[in-house]
Structures are given as C-alpha cells and as structure tokens.
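Just below is one structure, and these are the notes that go with it.
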Amino acid sequence: MGKLFGTNGIRGVVNESMTSDLALKIGLALGSTFQNGKILVGCDGRTSSQMLKSALISGLLSCGISVTDAGLAPTPAIQYAIKSLDFGGGVIITASHNPPEFNGIKVIDRDGVEVTPDIEKQIEKIYFTNNFKYVKWDNVGEYTVNNNINSFYLNGIIKHVNKNLIKKSSIKVILDPANGVGSLTTPFLLRKLGCKVVTINSHIDGFFPGRKPEPNEENLQTLKEAVVTSGSDIGIAHDGDADRVIFIDEKGEFHWGDISFALLIRKVLSEHDGGTVVTPIASSKLIEDVTTEMGGDLIITKVGSVTVARKLKEVNGLIGGEENGGIFYAPHQYVRDGAMGAALLIELISETEKTLSELIKELPKYYQVKKKIECPENIKNQVLLELKEQLKEYKINDLDGVKIWKGSGWLLIRPSGTEPLLRCYSEAPTKEEAEKISEWGLKMINSVLTRIKNGS
Ligand code: MG
C-alpha cells in the first residue's frame, strides 16, 4: 500500500507531486470514510491554496459531505473553529514554513488536533484502491461559507488574557507575519489588546517576497533591526501559517522558542498552581529547570507538533512548547498557536513591568549548537544504530534518534522526518562546551557515515 501522509500531513511541490487531482482524490477518500457531519476547510495564502482547496471540497461534496469554507485563515484559527463550533473535522491547505513552491494537506479531527495515523491509513487505503462512495445527485453535500472564523478565533484568545492590564502598559510591538495568513489575525489581535502595532511583511503574498516563511534567525534580520530602529518593546514573527511564534527582545536579540516557552511555563504554572508541561526531546534543559522550579511535571515526547498536541490532551497537561516556536496552551486549545503564544507573552510583560531582555536574563543560561549533516534516506537507520552502539557507555535516551549526556551538557542526533538529513544538536552551560560537544558529535557522525557509504 502506498503512503501519502508524512509527519505533518501531505506535502509536495505544486503541480509536481501536489496536484489538484491529488487534492480531489483526497477529498473523495476522506468523504468516503468520514461519518461525523460537517467539515470545515480553510487554507493559507500560497499561490496554489485556492486551487487545491476547491478540488478537495469538490471531492468531499461528491461523497455527500457538507462543507463550510473558512477561506484564508491561520492553521490554529481553523483548528480552534473545528473544536469550538462542533464540526466533525476539517482540512487545512498549507505548507506551513516550506518554500513557496510547496503546498500541503492536513486532515484535522473534531478535537482540533491532526488525525491519528490510523485514520490516515484508512484514507490512504481508499485513495489507492479508488474505492470512493459517490452519492446520488440529490444527496450531494451542501457548500457554505463562513467569513467569521478569524474574528471568532481572536475572541477566543482574548478570553485568556487580561485585556485591561495589557492596555495600560501600551506595549510597542513590531510584527512580521512573513506575508502569510498571520497577517489576517495577529495585527488585529494586538491592537485589540491595546498594543501599539507596527507591521512588516503583513499583506498576503504567496511568493513570500519579504522573507522566507521559516522564522529562524537568518530570516529575521530585518525584524531584528526594525525592533531597534523603531524603538519597539518586542518583535514578533510567525511562520507561513502562524502556528509558530518567535520573539525578538527590545535590544534586537533573537531568541529560540525554548526561551519564550520557559517564560510562559513560569507564568502559567504559577497562575494554575503547578501543572503538566509537555515538550519534545530536542528542547533545552531550561524547560526541565523551570518546570521543576515551579513544581510542575514534565513529559518528554518525540519531536513533532502532532505528538506534543496528542500527549498534552492525553495527560490533561497545561502547556506544551517546542524550540522552533510552537506554544500549545491547553486552556485555549491543544495545538500550537502563534497568536495565543504572543498574547500570553505580551501579558507577561505587562504583569511584570519588565522588558523582555530583563525577563530572559532571569532564566538559567544554556548555549545550543544546531547543525545538520546530509545523510541518504536508506542508511539513516543504520547510521543511528551504529551511533547508539558507539555511545552506549553514556546515559542514553533513544526515544527519537540518540540523546546522550556528556559532562554538563547533552548531544542529540536525530533523523529529519522530511529531508535526507541528520540533525545534530548540542547544549551546555557554556558556549565552549556546547561547541566542543557539537564538534565531537559531528566527527562521530561523519566517520560512521563514511564507513557505511564505503560498505566497510
Ligand atoms: Mg506552521
């Protein structure tokens, strides 16, 4: 049986592997298995999103499934609406942070979280056997449009923060939503909260002309400078579908998602008198430090936002987070949500009356080195097995790749789920030690790779 779904839905280059034929057939396959009522379908602002969305909706309607079209909306806005408005499920056309030529299809369960691998397999089975359940002409699904999904979502976020308090501090924010769908929501949210908002790259453009949609430091140079030149208190950046959020402090310093997640753990665990925190194995030791300090419980998962979301729901956790800027705030929804993360951090600044850099200075300090090495797909497993064997004298965790603790730091080597790469992360309380561990790890990977490639 063929496979369509990867770690984050179905992704591909438009009109190569990601075609309107594929979208139509996914609509038919989903429509043939689905029995839960109405489906909400929405999309990001890519050049191909409307094309794929229309094809997918046709497939669903052909199988008698009624569809509500949410139009352009952030991924978390669609997920929130599915969960809160009693849809039976949903589909989102997005390729998140991928380059503009990509697009993707995410299937969402009625709780707002991506469907389980079991449901993906059912859809794949029908897709590959063309076993579609077409209905008669008088049973074709009904098509409606809902233009209020984004404002409904923003009101849902505002409920969780103290609007009056935030308004009093009149925080100056500069926002960069990467010309993605976050342009439709986060500027309005921040203004509703009483912030002074300046935006860059804040109109929808599927070419992503301002910057690449991945919110990493390299792509946020303009925002870093703009925070300083505009005298803003904080810079906020999203990825293309606004489920992630990254912050720049008032001095123009970029901070990985671990840092903002740690600040939010302190905030929400003190408000809730403890709670369970969920994070993947790649996160900083900082997360463990602050969770312990606040008397919370920490659960470590494999890397992947869907895994974190499902675990957060399963254990009835309070908050989840990822180093790439995913914040999952369970009282709002189980999935990661860029605008919710931004609202919480803005509220924290108002509550403490401290600058973002002051808040960050109060956290334990760790240094990370993040590297990647090319590794052909067919030898990934063998390389990891050999590395595990070589590292067996260390304290080891093989939940996802290989993580070992060395000196006062750690090293994680894990296969990328989407590219022919191994990721090599290291962390330690000093930069020198983190770099030393990284170099040691890279050397080890390279020697194993060379040996396997040479067949010896
Ligand atoms: Mg995303």
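All ligand and atom numbering here is 1-based and tracks the order in the structure. Quick caveat, the model's predicted, so the values are computed rather than measured.
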Indicate whether any N or O donor in one side chain lies under 3.5 Å from an N or O acceptor in the other, for Arg211 and Asn201. no

So with a 6.0 Å cut-off around NZ of Lys224, is the heavy-atom count from everything else above 12? yes

Nearby protein N/O/S atoms (those under 2.8 Å) for the Mg ion (ligand 1), with water ignored: Ser96 OG, Asp239 OD2, Asp241 OD1, Asp243 OD1

Answer yes if the side chains of Asp243 and Thr75 hold a donor-acceptor pair under 3.5 Å, and no otherwise. no

Does CG in Asn155 sit with more than 12 non-hydrogen atoms of other residues, nucleotides or ligands closer than 6.0 Å? yes

According to ring-ring contact (aromatic ring centres under 6.0 Å, His included), who are the partners of His160, at least two apart in sequence or on a separate chain? Tyr329, His332

Around atom NZ of Lys302, are there more than 12 heavy atoms of other residues, nucleotides or ligands at under 6.0 Å? no

